[in-house]
Amino acid sequence: STAVPGEGLEFTLNPAAAYTAQVAGGLTQFSCFFGSGAAQEIAWGAAQAVTQMQPLVLASTKMNSKIGIGSVSTQADIAFRILRAPVSELKIALPASQEVLGVTGSGIREWKLEAATAERKTIVIIPEKPLRDDYALKLQLEAPIAALPAEVRVPEIEIVGAAQANGEVTITSEAQI
């Protein structure tokens, strides 16, 4: 029996043998049973911590906004690349003035809106199982236009938590405008 300073230690015995390790007062009391051999090698060290890697989310957005009489409708196609670790939800921030008409993608269990500020809100997409690798999502948005002529803003979509995000937008209008 011997006392080793430290807690949460792992022990290795050569040749393998049964042992006990009990922690008391910052020391680990170690006892082992010798077999028929003349010597026993005992090694110890701190337990290896399992490192939890944070997800690395990359996103690319292609938006098509159409200015019509009374509203601006937008379709956003978002391609995600999720590396290192899976994610259990996706969050997309957008202007509070945007009405969410639809969220589509494979394996979506539910989506909900969270009010972040008076100017912004967040869509939270919860998949049936955690997402990894490639994932595609489509948003259908619409915002009112009070009267024409007007200064019209294309929605500023932010992929919350993305390490890198890029995008492109195409703007069209109805023939009457």
Side-chain angles (χ1 to χ4, degrees), residues 7-12 23 45-177:
E7 298 178 6
L9 302 174
E10 290 183 351
F11 292 88
T12 305
V23 178
Q48 294 182 354
V50 176
T51 304
Q52 179 67 30
M53 295 187 74
Q54 294 298 315
L56 178 67
V57 177
L58 312 173
S60 180
T61 304
K62 291 186 180 183
M63 289 193 333
N64 291 306
S65 291
K66 186 172 187 178
I67 302 169
I69 298 173
S71 70
V72 175
S73 61
T74 301
Q75 176 178 305
D77 295 306
I78 307 169
F80 292 91
R81 180 82 175 133
I82 302 163
L83 306 171
R84 294 189 193 153
V87 295
S88 58
E89 67 181 18
L90 297 170
K91 290 187 175 188
I92 302 167
L94 52 119
S97 63
Q98 294 292 313
E99 186 69 33
V100 180
L101 303 178
V103 178
T104 55
S106 64
I108 295 177
R109 181 168 34 121
E110 70 174 308
W111 63 270
K112 58 187 175 185
L113 293 172
E114 292 180 350
T117 65
E119 297 86 29
R120 306 284 286 169
K121 62 183 168 187
T122 303
I123 303 170
V124 180
I125 297 108
I126 302 169
E128 292 172 352
K129 61 181 181 178
L131 302 172
R132 63 179 335 127
D133 300 324
D134 296 321
Y135 185 74
L137 188 64
K138 185 176 294 208
L139 301 179
Q140 296 286 341
L141 308 171
E142 190 171 68
I145 298 174
L148 294 175
E151 183 177 309
V152 179
R153 295 186 63 108
V154 174
E156 299 165 6
I157 295 176
E158 174 193 354
I159 311 304
V160 178
Q164 179 184 21
N166 61 47
E168 60 185 65
V169 63
T170 302
I171 303 169
T172 58
S173 67
E174 291 181 1
Q176 303 92 330
I177 298 178

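Atoms CD1 and CG, on Ile123 and Leu141 in that order, are 6.0 Å from each other to the nearest 0.5 Å. Atom CG of residue Leu113 and atom CG of residue Leu94 lie 7.5 Å apart, to the nearest 0.5 angstrom. With rounding to the nearest 0.5 angstrom, the CD atom of Glu174 is 8.5 Å from the OG1 atom of Thr172.
Nearest heavy atom pair, residue Ile108 against residue Gly105, reads CD1-N, 3.4 Å.
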Hey, can you pull the donor-acceptor pairs under 3.5 Å for the side chains in residues 75-93, sequence neighbours left out?
from	atom 1	to	atom 2	distance (Å)
Gln75	OE1	Gln140	NE2	3.0
Gln75	NE2	Asp77	OD2	3.3
Arg81	NH1	Asp134	OD1	3.2

Taking only distance into account, with no hydrogens and no angle test, what donor-acceptor pairs under 3.5 Å do side-chain atoms of residues 64-71 form with protein atoms, sequence neighbours excluded?
from	atom 1	to	atom 2	distance (Å)
Ser65	OG	Thr74	OG1	2.9

Side-chain donor-acceptor distances from residues 145-169 under 3.5 Å, at least two apart:
from	atom 1	to	atom 2	distance (Å)
Arg153	NH2	Glu156	OE2	2.6
Asn166	OD1	Ser60	OG	3.0

What verdict does the side-chain contact (heavy atoms from CB on, under 4.5 Å) test give for Leu139 and Val100, after you've listed the backbone C-alpha separation in whole Å, the side-chain angles of each residue and the deciding distance to 0.1 Å?
CA-CA 7 Å; Leu139 301 179; Val100 180; 5.5 Å; no

Apply the test side-chain contact (heavy atoms from CB on, under 4.5 Å) to residues Ile171 and Val72: give CA-CA distance (whole Å), side-chain angles for both, the deciding distance (0.1 Å), then the verdict.
CA-CA 10 Å; Ile171 303 169; Val72 175; over 6 Å; no

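Listed by first then second residue, pairs satisfying side chain to side chain donor-acceptor pair (under 3.5 Å) with a partner in residues 95-115 number zero, not counting sequence neighbours.
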